*Asks:* 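Starting off with a structure, shown below.
These numbers were taken from a predicted model, which means no experiment stands behind them.
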Amino acid sequence: MGPNMVVQEIRKLTGTEMASKESGRQQDYISFRDIWAFLQRHFLILALASAAGVALGALYIANTEPTYTSIARIVIDREQARIASQDASTGTIIIETAEIASEVEIVKSEAIARSVIKQLNLTEDPEIQTSSSWRSVVRGAVAAMLSVFDPATGEDAEAAGKPNEEDIMRRTMAGFLGRVSVRRVGQSYVLEIGYTSTDPVKAARAANAIANTYMQSSLDAKSQIIARGAQWIEDRLVEIGRQAQEAALSAEEYRNSNDIAQVGPSGLDQQQLAEISSQLLAAQAATAGEAARLATINRMLAGELPDSYVGEALSNTEINRLRADLGAARTRLEALQTRYGADSEPTLAAKSEIARLETQINTELVRIQGVYRSNLDTAQAREGLLKEQLDAIKGSVTEKNLARVQLTELESRATTYRRMYESVLQQLITTLQKQSFPIGDARMVTAATPPLAKNWPKTTLIIPMALMLGFAGGLGLAGLRDVLDRRISSGERLSRELGLPTLGHVPFTRFQAPGAKGALRFVLDAPYSGFSEALRGVKSSIDAAFPSGGPIVVGLTSVGGGEGKSTIAANLGQLYANEGLRVVLVDANFKNPFLSIQAVNAGPKAGLSVYRGAMDADDAPEDKHKGEKRAQLEEAPILPVLTVEQIRRAAHPGHRFGHLPALKKKLEELRQDYDVIIVDLSTFASSADTRAASAYLDGILLMLGNRRKMTVEWLARALATFGKSRVGILGVVFNKRKTRPWWHPIARNKLDTGGRHAV
């Protein structure tokens, strides 16, 4: 039966299948407590890795030659820069980010580097020449190997590999550019040009040389561009002047050939047509007005408008006088009619006067009618004359309009060439002015000076970084160790992989009394210590696994020796006895009978006595009153111990392994007299007696004291030694114990005192 089958059987017997699943689900989340536990477990690795990182950082700082970086600052002039655009809303010159990035690349270009190298004679600088790349190292090694195996080939290779001036310059530029740094300061137009060297004076001199070379190259490039632009503009100006002259001559020749007279902005015929058209419209309006006045006076004379008058009548003094006399006569007639009657002589004379006045007024109106008729005839004659003139001019204008369209096109072309000529002429003047006085795009803001402090290595940066890298490496090693480590470091792993529940963790405790005497009854000497609290939790787990009312037989075993099972067994017995239960300890460790030795040698001092039969059960307290009485008589309960010798004496003399049947018989007898029977077993991994005796018990507690030295696979193989025996493992108790040196007497005798734990 393999380890997996045993584990499955253990899960079925102990009912821990659901607990294992629940524990697996709980492991899906990592809490701060898990992180803190991880750091505590691997504190030594993390500390050593961090210290190693700091040591390597300090070693790097000590062995690295300090370098200095000197910085010169230049600014791209916003008002004079050629690479600029203007904001339409504010008129501000704006330099684009891409243009600034282009200037940065120009500063780091090989042309600038070549000029500075020649200026400072850096091809002979040992600082740059000694810094070779891995390619040159490999090339030199290959040449050396060839010279060793074949001198002739080596000489050829040396001659072929001997660098010429261009190779030296390329190598120097590579080393030089590796020390140059150019960056934009924020969002400003300022560029920082830095150079790194082991000599601060050399760094400042190189940075200033780069800045000056860049500004001079910018001026030279601008001068060359302006000169080429001026030549091109001049050639273009001559060509455009010729084209403008040809266009103007073509327009004039076409105008003369088509007899198109030009007066002002329009032609002469067009002006005449416009004037006659306006005169004709005025004549037509005058004719209409005269006709309207004549029609009005005709209606007045016909009697259709008896009380109406025309304008000439209103302004005629004679008519106005006659109308006044007519008004006075009518007034006098009304007075005479009232006074003398309608048929009287004065009344008739007045009527005759009124008729005379009306006749005179009508005569004046007839005269005005004649004037209106004469005016109408004059207006009609003038209108006819204007119409004849308009028809004559329209004929000639229609013929010239078609020619005028082509003339307009020729004049427009001539005007365009003339404007182009003037624009190009202005550009030529501006370009010639710039050529005579060029303005650079950049100017120096701050010249580089020798730096006072080194740039690298920075202790304040390297040491914390080395510490962080060391700590990170330690975390990696610790994580790898956790992944590869199969030791039983926690109860969660044991529950998850083997399905064994954890009943408690006994802390490290330093017992008050020396030796095993104080260890076997420590739960009574220090009832509120961590050791006692842990064992009380284990006792509660044991009680929950069995129904109340019947006797229980619990065995304690371990995988290896020195796990503290005997100490735990004695203290568990003291807990049960302190509650008034009948308890007996059975020492079934036939190889190392620790409890038997303590019961015989220490006796009541260790809280133990040799089992004397049923009388121990009679002396044991059976109820609360007896427990109180015994507590008054004795300081603590004395636990009877069924020793190994007593079991062997009960065995059949002729049977070599008769102690196992005797143990089984004794356990059956003890079930009748005791409530709790605690059996101290040997290590089951190396003892066949323990594996056989496990079948006689109700449950087994597995003690693990050396869990950090035991893997899950090793424990599974050890559990597989039970074979097909129905083993009821209640759970695992972790006992944190202090490892004793090999020369310790208890360690030599493999006698476990439960470990020494700090209270």
*Asks:* On the 0 to 90° scale, with breaks at 30° and 60°, tag the H505-F734 ring pair as parallel, tilted or perpendicular.
*Replies:*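 Answer is parallel, since the angle falls under 30°.
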
*Asks:* What's the shortest heavy-atom distance between Q574 and L524, and which atoms?
*Replies:*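 Smallest heavy-atom distance, with atoms named: OE1-CD1, 3.1 Å.
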
*Asks:* Between S532 and P527, which heavy-atom pair has the shortest distance, and what is it?
*Replies:*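 Taking every non-hydrogen atom into account, CB-O, 3.4 Å.
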
*Asks:* Looking at D680 and A588, would you say the former's side chain and the latter's main chain have a donor-acceptor pair under 3.5 Å?
*Replies:*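 Such a contact is absent between D680 side chain and A588 backbone.
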
*Asks:* Any chance the side chains of N455 and T67 put a donor and an acceptor closer than 3.5 Å?
*Replies:*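 Their side chains do not contain a donor-acceptor pair, so the 3.5 Å distance test is not met.
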
*Asks:* Without swapping roles, check the side chain of D698 against the backbone of V554 for a donor-acceptor pair under 3.5 Å.
*Replies:*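 The answer is no, because no donor-acceptor pair under 3.5 Å joins these two groups.
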
*Asks:* Can you tell me if D675 uses its side chain to pair, donor with acceptor, with the backbone of L581 under 3.5 Å?
*Replies:*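 Such a contact is absent between D675 side chain and L581 backbone.
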
*Asks:* Side-chain donor-acceptor pair under 3.5 Å between S197 and E127, yes or no?
*Replies:*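 Indeed, the side chains of S197 and E127 share at least one donor-acceptor pair under 3.5 Å.
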
*Asks:* Do other residues, nucleotides or ligands put more than 12 heavy atoms under 6.0 Å from I35 CD1?
*Replies:*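 Counting neighbours around CD1 of I35, more than 12 heavy atoms of other residues, nucleotides or ligands fall under 6.0 Å, so yes.
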
*Asks:* Return yes if some donor-acceptor pair links the side-chain N/O of R521 with the main-chain N/O of N571 below 3.5 Å, else return no.
*Replies:*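 No; zero donor-acceptor contacts below 3.5 Å.
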
*Asks:* Going by an N to O cut-off under 4.0 Å, is there a salt bridge joining R582 and D673?
*Replies:*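 Looking at R582 and D673, the cut-off is not met.
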
*Asks:* Is the shortest side-chain heavy-atom distance between I678 and L556 below 4.5 Å?
*Replies:*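 Side-chain contact under 4.5 Å: yes.
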
*Asks:* Taking S566 for the side chain and L595 for the main chain, is one N or O donor matched with an acceptor at less than 3.5 Å?
*Replies:*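 Absent.
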
*Asks:* Distance alone, cut at 3.5 Å: any donor-acceptor contact between the side chains of T69 and T196?
*Replies:*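 Yes - a donor-acceptor pair under 3.5 Å links their side chains.
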
*Asks:* From L660 CG over to K664 NZ, what is the distance, rounded to the nearest 0.5 angstrom?
*Replies:*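 If we round to the nearest 0.5 Å, L660:CG and K664:NZ are 10.5 Å apart.
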
*Asks:* Just by modelled atom types, is the I61 backbone N or O under 3.5 Å from a matching donor or acceptor in the T64 side chain?
*Replies:*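 It does not hold such a pair.
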
*Asks:* Looking at side-chain heavy atoms only, is the closest gap between I542 and L572 below 4.5 Å?
*Replies:*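 With C-beta onward as the side chain, the pair touches.
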
*Asks:* Should E563 and N735 count as side-chain neighbours, where that means a heavy-atom distance under 4.5 Å?
*Replies:*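 They are not in contact (no side-chain heavy atoms under 4.5 Å apart), so the answer is no.
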
*Asks:* To the nearest 0.5 Å, what is the distance between CG (L670) and CD1 (I677)?
*Replies:*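 Spacing of CG (L670) from CD1 (I677) equals 4.5 Å.
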
*Asks:* Using every non-hydrogen atom in the two residues, find where S682 and N589 come nearest and quote the distance to one decimal.
*Replies:*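 For S682 and N589, the tightest heavy-atom pair comes out as OG-OD1, 2.7 Å.
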
*Asks:* Considering all heavy atoms of both residues, which atom of I463 and which atom of A58 are nearest to each other, and what is their separation?
*Replies:*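 Closest pair (atom of I463, atom of A58, distance): CD1-N, 3.9 Å.
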
*Asks:* Would you compute the distance between atom OG of S50 and atom CE of M468 and round it to the nearest 0.5 angstrom?
*Replies:*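 Reported to 0.5 Å precision, the distance equals 11.0 Å.
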
*Asks:* Just do the side chain to side chain contact (heavy atoms under 4.5 Å, CB included) check on V679 and L697 with the steps written out, would you?
*Replies:* CA-CA 8 Å; V679 182; L697 310 177; 3.8 Å; yes

*Asks:* Tell me the closest heavy-atom pair linking P640 and Y674, and the distance in Å.
*Replies:*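 Reported closest heavy-atom pair: CG-OH, 4.0 Å.
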
*Asks:* About how many Å separate CZ of F594 and OG1 of T567, when rounded to the nearest 0.5 Å?
*Replies:*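 These two atoms lie 5.5 Å from each other.
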
*Asks:* Does some side-chain heavy atom of V641 sit less than 4.5 Å from a side-chain heavy atom of Y611?
*Replies:*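 No, side chains not in contact.
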
*Asks:* Go through the side-chain N and O atoms of D587 and T643 and say whether any donor and acceptor fall under 3.5 Å apart.
*Replies:*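 There is no such pair (donor and acceptor under 3.5 Å, judged by atom type) between the side chains of D587 and T643.
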
*Asks:* Compare all side-chain heavy atoms of K539 with those of D543 and state whether any distance is below 4.5 angstrom.
*Replies:*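 The answer is yes, as the side chains (C-beta and beyond) meet within the 4.5 Å cut-off.
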
*Asks:* Check step by step if side chain to side chain contact (heavy atoms under 4.5 Å, CB included) holds for L475 and L46.
*Replies:* CA-CA 7 Å; L475 287 177; L46 297 176; 3.7 Å; yes

*Asks:* Taking the side chain as every heavy atom from C-beta outward, state whether L667 and V586 have any pair of such atoms under 4.5 Å apart.
*Replies:*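 Contact flag for L667/V586 side chains = yes.
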
*Asks:* Does the R671 side chain pair with the main chain of I552, one donor and one acceptor, at a distance under 3.5 Å?
*Replies:*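 Pair absent, no side-chain N/O of R671 close to backbone of I552.
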
*Asks:* On a heavy-atom basis, which atom in T459 and which in P464 lie closest, and how many Å separate them?
*Replies:*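 Looking at all heavy atoms of both residues, the closest pair is O-CD, 3.7 Å.
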
*Asks:* Verify side chain to side chain contact (heavy atoms under 4.5 Å, CB included) between L503 and L701, making sure each step is shown before the conclusion.
*Replies:* CA-CA 9 Å; L503 301 184; L701 290 181; 3.2 Å; yes

*Asks:* If the threshold is 4.0 Å, N to carboxylate O, is there a salt bridge linking K665 and E668?
*Replies:*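 Salt bridge between K665 and E668, a charged N being under 4.0 Å from a carboxylate O: no.
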
*Asks:* With rounding to the nearest 0.5 Å, note down the distance linking OG1 in T557 to CE in M703.
*Replies:*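 Answer rounded to 0.5 Å: 10.0 Å.
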
*Asks:* Mind checking whether P66 and W456 have side chains closer than 4.5 Å, heavy atoms only?
*Replies:*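 With C-beta onward as the side chain, the pair stays apart.
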
*Asks:* Taking the side chain as every heavy atom from C-beta outward, state whether L608 and I638 have any pair of such atoms under 4.5 Å apart.
*Replies:*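 Counting from C-beta outward, L608 and I638 never come under 4.5 Å.
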
*Asks:* For the pair T198 and Y68, evaluate side chain to side chain contact (heavy atoms under 4.5 Å, CB included) and give the outcome as yes or no after the intermediate values.
*Replies:* CA-CA 6 Å; T198 56; Y68 301 86; 5.7 Å; no

*Asks:* How many angstroms lie between atom OH of Y696 and atom CG of L663, to the nearest 0.5 angstrom?
*Replies:*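 It comes to 7.0 Å.
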
*Asks:* Does atom CZ (R536) have a neighbourhood of more than 12 heavy atoms from anything else shown, all under 6.0 Å?
*Replies:*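 No, not enclosed.
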
